[in-house]
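In the text below, chain A, chain B and the rest are named by the order of the sequence lines, each starting its count at 1. No hydrogens, no waters, no symmetry mates; every other heavy atom, side chains included, goes into these values.
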2 protein chains.
Amino acid sequence: MEPDEKPETIILGATVLTHTEAAAPGYPALPADDTAARGTVHLLADHAIGIAGGVILWVRPTAEVSAAERDGAELIDGAGHVAIPGLMNSHTHSAMTMFRNSAEDVVTSTWFNDHIWPMEVNMTPRDVRLGAELAVGEMLLAGVTSFADHYFSMEEIAGVVERSGARALLAETYFSSQGDEGIERSAAFAEKWNGAAGGRITTAMGPHATYTVNDGDLERTAAHARRLGIRTHIHAAESPGQTTSSLAARGITPMEVLHRTGILETGAIIAHGAGIVEDDLRWLTPWADRVAVACCDKVYLKHAQSGITPVRLLHDAGITVGVGTDGPGSHNTLDVLESMRFLSLSEKDRHSDATWLTSAHALDLATRQSAALFGQGDRLGRLLPGYRADIVLIDTRGPHMQPMHDLAAALVLSVKSSDVSTVLVDGAVVVRDHRLTTLDLEPAIAELNERIPQLRDTSHGRRIQDYAP
Amino acid sequence: MEPDEKPETIILGATVLTHTEAAAPGYPALPADDTAARGTVHLLADHAIGIAGGVILWVRPTAEVSAAERDGAELIDGAGHVAIPGLMNSHTHSAMTMFRNSAEDVVTSTWFNDHIWPMEVNMTPRDVRLGAELAVGEMLLAGVTSFADHYFSMEEIAGVVERSGARALLAETYFSSQGDEGIERSAAFAEKWNGAAGGRITTAMGPHATYTVNDGDLERTAAHARRLGIRTHIHAAESPGQTTSSLAARGITPMEVLHRTGILETGAIIAHGAGIVEDDLRWLTPWADRVAVACCDKVYLKHAQSGITPVRLLHDAGITVGVGTDGPGSHNTLDVLESMRFLSLSEKDRHSDATWLTSAHALDLATRQSAALFGQGDRLGRLLPGYRADIVLIDTRGPHMQPMHDLAAALVLSVKSSDVSTVLVDGAVVVRDHRLTTLDLEPAIAELNERIPQLRDTSHGRRIQDYAP
């Protein structure tokens with residue numbers, strides 16, 4: 001990329017969400033009082049973004065875009081819109097759209113043992129493909145350009161990512177109950193697909209959890225991750241109860257399990273971590289450059305698990321926190337704007353502090369910090385020259401956003417994901433005027449609805465795993 | 001209304017949300033296991049609703065609607081939609097759209113004393129009208145057909161309700177600091193407007209709160225309410241802290257204040273009630289037929305007030321609970337679907353009970369029970385013959401709702417208010433294909449944005465009231 005390269009695409013006249021970083025070439029200088037404090041964003045009115053080769057060339061006032069630059073470029077009108085970095089879903093199980101709203105108003109053990117895990121016995125690779133298509137379409141329409149996925153039949157999901165134009169960090173799930181087959185399949189998937197789809201697909205190892213994968217398998221997981229130069233995405237300390245159980249059964253917390261087995265050292269994406277305790281920081285902080293926790297507060301409220309990710313503790317210790325939805329079987333949507341809202345309000349409530357977890361901070365978590373969780377903080381999550389052009393235009397003119405006193409607050413507390421109008425990934429338009437350009441979801445929706453009776457038939461009495469953390 | 005009256009409008013082929021009530025003439029029989037338990041709804045697939053004279057004539061399977069009935073009627077295609085009773089916003093300050101997102105990430109006392117109350121010094125009756133137009137438009141688009149409003153310059157808001165085709169229960173706010181003028185204006189407004197707009201407007205007395213209106217004025221309020229046969233809408237025990245303050249200052253809780261001053265006896269709409277304690281039930285239960293509490297959980301989380309409306313306590317005591325948004329200055333939207341979601345999830349979390357406050361229960365709270373809060377449980381909040389035809393069609397085909405395992409859960413946990421496509425009030429279409437038929441919001445939005453600098457100018461150093469509950 002050269003600063004004077006000709007843009008192929010230009011977004012004009014948008015308000016651009018930026019981060020407090022040192023000015024880069026082609027990037028407007030930020031006010032003198034800006035600091036690199038964690039959790040701050042800035043909004044630049046009437047700016048333009050030049051894009052070529054899938055990369056952001058520059059961000060500058062619209063008035064400074066020359067006629068020569070405009071000539072021949074695809075022009076996207078950003079008037080009335082805010083341009084934000086593509087939202088990143090830091091933890092999900094995309095294909096579980098097939099189980100959306102299928103197991104409601106039940107406790108976690110019932111959710112797993114009597115509903116989800118017996119139903120997962122029934123699903124086929126085709127179901128996973130259909131579920132992932134629906135998920136990716138739903139996410140792109142809601143401005144979610146990247147997702148960290150953890151599920152079965154991951155080859156099917158990778159195919160959907162490839163075709164859809166989305167970006168994903170994919171991990172094939174396994175349990176120790178599967179023997180060697182699970183872990184080896186996860187490693188083979190990770191090796192084959194890392195860097196695929198022009199770099200839009202990256203991979204991680206996918207051990208299910210510290211309570212379903214034993215220490216030996218976690219050590220083998222870490223060895224694979226080291227060999228492949230990838231991270232490990234794992235459920236750990238999902239609730240306070242799991243930490244209590246681990247201490248009772250083994251005398252150590254789930255975080256110490258991750259430490260002892262070498263998972264933290266490889267770089268860990270810790271799903272939930274609501275059971276992380278202050279003493280766990282001694283395991284986490286040495287690896288603050290590569291360990292991150294994905295927070296999905298809506299699910300913690302719904303499952304009534306009496307604990308949420310300790311975002312403030314992690315924040316103060318310099319540990320990265322990403323925003324996630326968890327699977328749509330528990331979160332009911334794949335809407336990261338909704339997750340941001342729950343995160344901001346749950347944090348204020350839990351700390352009895354209305355001044356904590358501001359809207360600007362929530363936006364930073366769902367963009368810059370989530371990109372760091374993906375291990376791609378140097379190329380995603382910010383609208384800066386040299387970063388990949390994953391950009392979302394949100395229409396701010398809806399009555400529920402107006403009048404406009406504070407755009408950051410509006411984006412966290414007033415917005416609806418239906419306000420997303422245009423979405424680019426790697427500079428390619430994947431949503432235009434609220435419509436997907438790469439996917440037709442209707443066949444997948446129709447076929448999944450036909451599959452519901454078979455998916456829900458649990459008369460076989462089996463489940464893919466037992467929940468007894 | 002006669003059962004064989006000719007319908008003017010027919011909604012065809014929708015799934016219809018019903019309540020567990022004894023079958024009425026023209027209403028389909030419900031399954032034998034139905035009970036009149038609080039908090040249950042039922043969904044009838046492929047049904048039709050016949051409407052004439054602003055009233056629901058019948059609800060029956062679409063196949064049973066005759067060609068003669070269809071002939072000459074306006075037909076509304078409900079395919080792919082669920083028909084629900086118009087959502088009811090049990091507590092708001094509609095015109096505060098003008099202050100949406102203007103006072104964020106601050107504690108409650110700062111919110112009042114340094115932001116909202118100094119800004120309210122600046123507003124004019126015209127601002128109130130513009131703010132109310134924006135609010136009513138936003139609500140109708142989100143399927144909110146009725147709202148219980150509490151604000152200043154209420155004549156302006158009544159005019160907007162009249163023109164927009166919405167329904168509202170209006171109360172003019174007053175403080176004792178205004179002397180006699182405030183209470184008398186509130187009473188005169190209530191007397192003049194009760195039953196206006198063809199019955200779409202009803203009224204209540206509007207004392208601000210137990211901490212800003214003294215006991216003498218509350219007694220006079222009760223006398224006005226008795227004389228006019230109306231209810232009293234008042235903020236009371238908004239947070240646990242207010243109950244503690246009241247006990248410290250006076251030795252009695254805010255509920256006992258409402259009891260002693262006769263407010264409960266007149267029928268009270270208690271805004272928030274998050275500070276209601278178990279002992280307060282002795283004041284509330286004798287008036288369970290006319291007392292109700294409006295719950296706005298999103299606001300309690302945001303203001304970090306360490307307490308939410310004790311819905312379970314009230315439920316078990318037979319006290320009606322309605323769903324509200326509070327003003328958009330604190331809730332950031334006027335979206336009752338969003339309020340339902342926060343209510344359901346906050347309740348599960350607070351009681352550490354994932355089986356409590358089911359989606360069906362949340363739907364009942366936002367419809368049937370909110371109608372009871374309005375004092376209109378015999379004509380609103382249910383899709384039953386003889387009830388007013390306030391009906392909302394929600395498109396259930398969006399990818400975020402699919403596949404469809406459980407429609408009640410989808411309506412509480414997956415829906416976006418942008419899924420609302422058609423809205424009727426008193427049988428008249430006020431939203432068609434996602435567009436308002438009665439209001440053009442653009443001029444109001446433009447003018448309010450121009451007003452922001454003047455609205456935010458607090459250099460005068462005054463405020464309309466002090467917050468020191």
Side-chain angles (χ1 to χ4, degrees), chain A residues 97-102 104-108 111 134 137-138 141-142 298 300-306 328 332-335 342 344-346 348-349 351-356 358-359 397 399-410 413-414 416-419 441 445 448-449 451-452 456, chain B residues 97-102 104-108 111 134 137-138 141-142 298 300-306 328 332-335 342 344-346 348-349 351-356 358-359 397 399-410 413-414 416-419 441 445 448-449 451-452 456:
Chain A
T97 51
M98 76 181 90
F99 301 123
R100 190 200 310 269
N101 300 321
S102 70
E104 297 302 322
D105 304 315
V106 293
V107 302
T108 304
W111 189 85
L134 177 54
E138 179 188 352
L141 287 167
K298 181 181 177 185
Y300 315 144
L301 300 186
K302 185 177 123 171
H303 286 174
Q305 67 172 38
S306 304
N332 306 77
T333 74
L334 290 160
D335 184 342
F342 272 99
S344 176
L345 298 180
S346 296
K348 289 176 186 296
D349 175 58
H351 294 285
S352 298
D353 181 358
T355 69
W356 162 243
T358 64
S359 294
R397 295 167 296 189
H400 54 286
M401 302 271 274
Q402 291 291 330
M404 189 53 74
H405 284 271
D406 176 343
L407 181 49
L413 299 172
S414 302
K416 305 176 194 180
S417 56
S418 52
D419 298 323
L441 301 184
I445 290 172
L448 283 172
N449 275 306
R451 284 283 294 152
I452 285 179
R456 297 188 76 127
Chain B
T97 50
M98 76 181 90
F99 301 123
R100 190 200 309 270
N101 299 321
S102 70
E104 298 302 321
D105 305 314
V106 293
V107 302
T108 304
W111 189 85
L134 177 54
E138 179 187 351
L141 287 167
K298 181 182 178 186
Y300 315 144
L301 300 186
K302 185 177 123 172
H303 286 173
Q305 66 172 38
S306 304
N332 307 77
T333 73
L334 290 159
D335 184 342
F342 272 99
S344 175
L345 298 180
S346 296
K348 289 175 186 295
D349 175 59
H351 293 285
S352 298
D353 181 358
T355 70
W356 162 243
T358 64
S359 293
R397 295 168 295 188
H400 55 286
M401 302 271 274
Q402 291 291 331
M404 189 52 74
H405 284 270
D406 175 343
L407 181 49
L413 299 172
S414 301
K416 306 176 195 180
S417 57
S418 52
D419 298 323
L441 302 183
I445 290 172
L448 283 172
N449 275 305
R451 283 282 294 153
I452 285 179
R456 296 188 76 128

Among [options], residue most engaged with chain A (heavy-atom pairs, under 4.5 Å):
options	value
B:Ile445, B:Leu345, B:Leu407, B:Thr97	B:Leu345
B:Thr108, B:Val106, B:Asp419	B:Val106
B:Ala409, B:Ala142, B:Ala304, B:Ser102	B:Ala304
B:Ser417, B:Pro328, B:Gly137	B:Ser417
B:Gln305, B:Lys302, B:Glu104	B:Lys302

### Task
Return yes if some donor-acceptor pair links the side-chain N/O of A:Ser414 with the main-chain N/O of A:Met401 below 3.5 Å, else return no.
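Pair absent, no side-chain N/O of A:Ser414 close to backbone of A:Met401.
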
### Query
Can any side-chain N or O of B:Ser344 pair as donor or acceptor with the backbone N or O of B:Ser359 at less than 3.5 Å?
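Between the backbone of B:Ser359 and the side chain of B:Ser344 there is no qualifying donor-acceptor contact (under 3.5 Å).
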
Of all the heavy-atom pairs spanning [X] and [Y], show the shortest one and how long it is.
X	Y	value
A:Asp349	B:Leu301	CG-CD2, 3.4 Å
B:Lys298	B:Thr333	NZ-CG2, 4.0 Å
A:Lys348	A:Trp356	NZ-O, 3.0 Å

Among the listed options [options], the residue most often paired with chain B at heavy-atom distances under 4.5 Å:
options	value
A:Ala410, A:Ser346, A:Pro403	A:Pro403
A:Ser306, A:Ser418, A:Ser352	A:Ser352
A:Asp335, A:Leu441, A:Leu134, A:Leu448	A:Leu134

Which region of [X], side chain (C-beta onward) or backbone (N, CA, C, O), has a non-hydrogen atom less than 4.5 Å from a non-hydrogen atom of chain B, or is it both or neither?
X	answer
A:Gln402	both
A:Leu141	side chain
A:His303	backbone

Proximal component of [X], with respect to chain A [non-hydrogen, under 4.5 Å]:
X	result
B:Arg451	neither
B:Asn449	both
B:Val107	both
B:Leu334	neither

### Task
Anything under 30° is parallel, anything over 60° is perpendicular, the rest tilted; go ahead and classify B:Phe99 against A:His405.
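Because their plane-to-plane angle lies in the 30° to 60° range, the rings of B:Phe99 and A:His405 count as tilted.
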
